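What follows is a short report on a single structure.
Each chain gets a letter, A, B and so on, in the order the sequences are listed, and its residues count up from 1. In this text, all values refer to a predicted model and were calculated from it rather than measured experimentally.
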Amino acid sequence: MTQEELFKKLVAHCKEYGFVFPSSEIYDGLAAVYDYGQNGVELKNNIKRYWWDSMVRLHENIVGLDAAIFMHPRIWEASGHLSAFNDPLIDNKDSKKRYRADVLIEDWIAKQDDKIQKEIDKAKKRFGETFDETKYRQTSPRVLEIAAKRDEIHTRFAAEMNASNLEGLRQIIVDCEIVCPISGTRNWTEVRQFNLMFSTQIGSLAEGANTVYLRPETAQGIFVNFLNVQKTGRMKLPFGIAQIGKAFRNEIVARQFIFRMREFEQMEMQFFVRPGEEMKWWNAWKQTRMAWHRALGFGDENYRFHDHEKLAHYANAATDIEYNFPFGFKEVEGIHSRTDFDLSSHQKFSGKKLQYFDPETGESYVPYVVETSIGVDRMFLQVMSAAYCEEALEGGDSRVVLRIPATLAPIKVAVMPLVKKDGLPEVAQQIMDDLKFDYNVTYDEKDSIGKRYRRQDAVGTPFCVTIDHQTLEDQTVTVRHRDTMAQERVAINALHAMVEEAVSFRKLFKTLDL
RNA sequence: GCGGGAGUAGCUCAGUGGUAGAGCAUCAGCUUCCCAAGCUGAGGGUCGCGGGUUCGACCCCCGUCUCCCGCUCCA
């Protein structure tokens with residue numbers, strides 16, 4: 001089976017077993033938006049808990065936050081999102097290259113000056129000493145023609161950049177006969193505005209609508225609350241603020257299932273440090289985060305760092321943790337040293353001092369920030385990719401099993417009476433009632449026991465508990481293990497401890513060495 | 001966004017210009033079984049959506065939506 005086939009099967013499995021559904025499916029779906037089903041939401045919640053507890057509970061100097069999705073629009077000016085992601089784009093259909101329409105036109109305008117200069121150089125050669133450049137500029141029909149056209153385009157360009165529709169920009173590109181540098185053709189698409197951020201209106205139109213944006217990252221909610229948390233929590237540097245929440249990006253191309261969605265969820269932790277200590281902490285968090293991933297046991301060889309060579313405007317060091325997905329090594333988490341860019345920028349735009357008084361040095365300064373940012377949905381896909389397994393069994397049988405770590409498994413225990421009579425369902429119900437307060441458990445009495453085991457394998461349930469006639473005599477049950485398919489006899493009153501041992505985060509956390 | 005492929009039951013897929021099929025799955029009953037395959041019955045699809053051609057379209061044509069692959073993009 002190729003990796004591509006594996007991925008297709010995984011996507012189908014996610015739908016068939018209630019992990020992930022296409023959004024609005026009965027209305028033909030909505031591109032790059034997905035819903036999590038009854039098993040998906042459990043897995044997703046468990047992933048979030050694994051992250052949250054490892055960050056907030058296990059670090060005394062990290063606290064949580066839940067900021068609103070809507071924020072003051074000026075925040076996106078300060079963060080750079082408004083200016084950096086608002087470009088008119090055009091594609092050449094032959095080379096399939098994408099350009100900024102405004103840059104194409106600006107380049108063309110600049111080229112006209114080159115053309116004029118060439119005319120002047122030519123004339124200079126012809127007339128020698130007697131050449132009067134100023135006069136030539138004002139009189140040469142050729143130069144005047146080029147200049148006039150240039151100025152006309154320049155004026156049109158300025159007007160069109162402020163126009164509400166982009167057709168005018170395209171018309172300039174057509175009129176100027178601008179060609180694609182790669183293909184050399186003028187086979188252009190429409191000009192489209194690339195807006196990274198979704199926008200909407202807050203307040204009624206009557207009282208003067210204000211444009212607000214759906215946040216494209218959760219980080220800014222942490223930065224603007226830096227002082228609130230630092231002061232009310234009496235936090236001392238270095239300390240961190242962690243947040244889990246939705247973010248929205250209007251990607252031009254969003255694909256590969258839940259890997260790149262327009263609405264997605266991030267788990268971010270911004271760690272505030274003394275200026276100059278950021279590289280130390282950046283390296284420390286790289287190791288800590290990698291250990292968190294590897295603790296799940298999906299194989300160390302399936303992870304790698306990818307250091308960024310081209311850094312974003314706010315960063316002085318950046319790396320990704322990449323996982324070996326069926327479609328290749330792809331980013332799951334980013335660890336960025338964001339310098340003091342964000343806090344300084346908010347200080348400037350808001351006019352409020354965002355500084356920390358360091359009692360040790362007696363100085364006030366804007367802290368530096370090291371960010372760890374992981375996509376919940378990518379993590380979900382990572383777990384599913386790693387867990388999905390088609391297994392050949394003795395006797396020519398096969399099974400599909402999700403080897404999800406027990407800690408993350410959506411259902412921890414399936415309770416099933418061997419037969420649905422003789423009081424066995426009643427005992428099963430008692431066991432359910434005992435476990436359900438602590439674990440997500442399910443009940444199944446339909447079909448043969450083997451069939452029921454396979455159903456649980458397909459959703460990754462680590463334990464199946466079977467009640468039989470012997471149970472009525474000695475209060476023991478059969479526990480069937482997902483990965484080994486091995487069975488053992490366990491006393492009913494030992495079940496809770498057995499499950500706890502397997503699904504508790506405790507063991508996992510102890511390996512993290514925080 | 002461009003190019004290529006696909007869309008029929010929950011899943012995997014047949015199908016023909018003349019009123020929609022199979023296997024699995026689901027549900028009810030029987031069977032009482034420790035690794036999916038026993039028996040009986042039932043439910044479920046305006047064939048992605050819209051338009052056109054035709055006496056008649058799941059089938060032919062156009063548009064559109066969604067998914068997959070490649071390119072492109074990616075804070």
Side-chain angles (χ1 to χ4, degrees), chain A residues 4-5 7-9 11-13 15-18 21-34 79-81 84-85 87 89-99 182 187-192 194 196-197 216-217 219-220 247 249-257 259-260 266 308 310-315 318 320 327 330-331 334 336 338 341-342 371 373 391 393-401 416-422 424 445-458 464-470 477-482 484-489:
Chain A
E4 191 180 311
E5 285 167 344
F7 185 56
K8 280 186 175 170
K9 285 195 171 179
V11 173
H13 193 86
K15 190 194 163 190
E16 187 167 359
Y17 288 94
F21 306 126
S23 165
S24 318
E25 199 182 7
I26 62 171
Y27 288 93
D28 292 334
L30 185 63
V33 184
Y34 290 90
S79 71
H81 285 82
F85 290 93
D87 304 323
L89 299 174
I90 190 165
D91 289 25
N92 183 272
K93 290 181 186 175
D94 297 314
S95 65
K96 304 190 196 317
K97 290 288 171 190
R98 171 168 297 147
Y99 302 93
I182 307 283
N187 192 7
W188 296 107
T189 62
E190 297 300 296
V191 177
R192 292 172 318 279
F194 171 51
L196 175 84
M197 290 193 290
E217 63 175 26
Q220 299 304 325
R249 291 181 197 171
N250 197 3
E251 305 279 357
I252 298 176
V253 174
R255 244 191 294 183
Q256 272 162 329
F257 196 40
F259 187 81
R260 177 168 288 115
Q266 292 183 310
H308 291 204
K310 223 177 77 183
L311 294 169
H313 60 77
Y314 55 72
D320 294 337
F327 41 86
K330 296 282 183 185
E331 175 190 357
H336 298 178
R338 296 183 74 125
F341 175 87
D342 299 279
E371 164 190 85
S373 173
E391 213 173 62
L393 302 174
E394 292 169 31
D397 273 359
S398 70
R399 66 166 182 162
V400 172
V401 55
M416 33 189 77
L418 188 60
V419 297
K420 53 180 168 189
K421 63 174 189 183
D422 303 335
L424 300 189
E445 59 173 28
K446 172 86 178 150
D447 296 316
S448 74
I449 195 70
K451 211 171 210 176
R452 284 180 269 172
Y453 287 157
R454 299 299 172 84
R455 273 205 285 265
Q456 296 306 320
D457 287 342
C464 290
V465 169
T466 303
I467 294 87
D468 58 18
H469 291 91
Q470 190 188 331
V477 291
T478 303
V479 171
R480 182 267 194 183
H481 297 266
R482 177 194 67 197
T484 59
M485 297 172 74
Q487 304 185 95
E488 60 174 325
R489 205 74 199 174

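- Remark: A/S373 pairs with A/Q266, A/E268, A/E371 by the side-chain contact (heavy atoms from CB on, under 4.5 Å) rule, at least two apart or across chains.
- Annotation: B/G4 and B/C62 have their P atoms spaced 13 Å apart (nearest Å).
- Put simply, CE on A/M197 and CZ on A/R249 are 11.0 Å apart, with the number rounded to the nearest 0.5 Å.
- Here, B/G23 and B/A9 have their P atoms 16 Å apart, quoted to the whole Å.
- The side-chain contact (heavy atoms from CB on, under 4.5 Å) test applied to A/S23 returns A/L30, A/V33, A/D35, not counting sequence neighbours.
- The P atoms of B/U53 and B/C59 are separated by 15 Å, rounded to the nearest whole Å.
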Strictly under 3.5 Å: I want the nitrogen or oxygen pairs between protein and nucleotides 36-38 of chain B, one per line.
{"residue": "B/A36", "atom": "OP2", "partner": "A/D397", "partner atom": "OD2", "Å": "2.3"}
{"residue": "B/A36", "atom": "OP2", "partner": "A/R454", "partner atom": "NH2", "Å": "3.3"}
{"residue": "B/A36", "atom": "O4'", "partner": "A/K451", "partner atom": "N", "Å": "3.4"}
{"residue": "B/A36", "atom": "N7", "partner": "A/R454", "partner atom": "NH1", "Å": "2.8"}
{"residue": "B/A37", "atom": "OP1", "partner": "A/S448", "partner atom": "OG", "Å": "3.3"}
{"residue": "B/A37", "atom": "N6", "partner": "A/D397", "partner atom": "OD1", "Å": "3.1"}

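- To the nearest angstrom, P of B/C33 lies 11 Å from CG of A/D468.
- With C1' as the reference atom, B/U72 and B/G50 are 31 Å apart, rounded to whole Å.
- When the side-chain contact (heavy atoms from CB on, under 4.5 Å) test is applied to A/E16, no partner is found at least two apart in sequence or on another chain.
- Taking atom C1' in both B/G51 and B/A57, one finds a spacing of 13 Å when rounded to whole Å.
- Taking atom CD of A/E331 as the reference point, atom C1' of B/C73 lies 14 Å away to the nearest angstrom.
- The backbone N or O of A/E391 sits nowhere less than 3.5 Å from a side-chain atom of A/R399 that would complete a donor-acceptor pair.
- Each of A/S79 and A/K421 was matched to the nucleotide of RNA chain B holding its nearest heavy atom; the match closer to the 5' end belongs to A/K421.
- Remark: P of B/C33 and CD of A/E445 are 16 Å apart, rounded to the nearest angstrom.
- Checked by atom type and distance alone, the side chain of A/D422 never pairs as donor or acceptor with a backbone atom of A/L424 at under 3.5 Å.
- Scanning for ring pair (Phe, Tyr, Trp, His ring centres under 6.0 Å) contacts around A/H469 gives an empty result, with sequence neighbours left out.
- Of the C1' atoms belonging to B/A20 and B/U46, the separation is 12 Å, rounded to the nearest Å.
- Here, B/C61 and B/A75 have their P atoms 42 Å apart, quoted to the whole Å.
- Taking atom C1' on both B/G41 and B/C58, the two are 30 Å apart, rounded to the nearest angstrom.
- Residue side chain A/D457 does not reach the base of B/C35 through any donor-acceptor N/O pair under 3.5 Å, judged by distance alone.
- Nucleotide B/G7 holds its P atom 15 Å from the NZ atom of A/K15, rounded to whole Å.
- A/K446 is linked by a side-chain contact (heavy atoms from CB on, under 4.5 Å) to A/D444, A/R455, counting only residues two or more places apart in sequence or in another chain.
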Which atoms of nucleotides 41-50 of chain B (N or O only) lie under 3.5 Å from a protein N or O atom, and what are those distances?
{"residue": "B/G48", "atom": "O2'", "partner": "A/D28", "partner atom": "OD1", "Å": "3.0"}

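- In this view, A/Q220 and A/E217, A/D342, A/H346 satisfy the side chain to side chain donor-acceptor pair (under 3.5 Å) rule, not counting sequence neighbours.
- Regarding A/E391, its CD atom lies at a distance of 16 Å from the P atom of B/C35, rounded to whole Å.
- Look at NZ on A/K420: it is 9 Å from C1' on B/A28, rounded to the nearest Å.
- Nearest nucleotide to the A/F7 side chain, out of B/A75, B/A28, B/C69: B/C69.
- Judged as a ring pair (Phe, Tyr, Trp, His ring centres under 6.0 Å), and not counting sequence neighbours, A/F21 has no contacts.
- Of the possible polar contacts, none joining the A/R454 side chain to the A/V400 backbone as a donor-acceptor pair under 3.5 Å is found.
- With sequence neighbours left out, the ring pair (Phe, Tyr, Trp, His ring centres under 6.0 Å) criterion links A/Y453 to no other residue.
- Between the C1' atom of B/C67 and the NZ atom of A/K8 lies a distance of 9 Å, rounded to the nearest Å.
- Base-pairing analysis of RNA chain B finds the following stems of at least three consecutive Watson-Crick or G-U pairs, with both pairing distances under 3.5 Å: B:1-7 with B:65-71, B:10-13 with B:21-24, B:26-30 with B:38-42, B:48-52 with B:60-64.
- In the set B/U12, B/U32, B/C34, B/C34 carries the atom at the smallest distance from any side-chain atom of A/Y453.
- Going from atom CG of A/L424 over to atom P of B/U32 covers 14 Å, rounded to whole Å.
- Positionally, the nearest nucleotide of RNA chain B for A/A486 lies more toward the 5' end than for the other of A/A486 and A/P22.
- Residue contacts shown for A/E16 are limited to sugar-phosphate atoms, with no base heavy atom under 4.0 Å away.
- The ring pair (Phe, Tyr, Trp, His ring centres under 6.0 Å) test applied to A/Y17 returns A/H13, not counting sequence neighbours.
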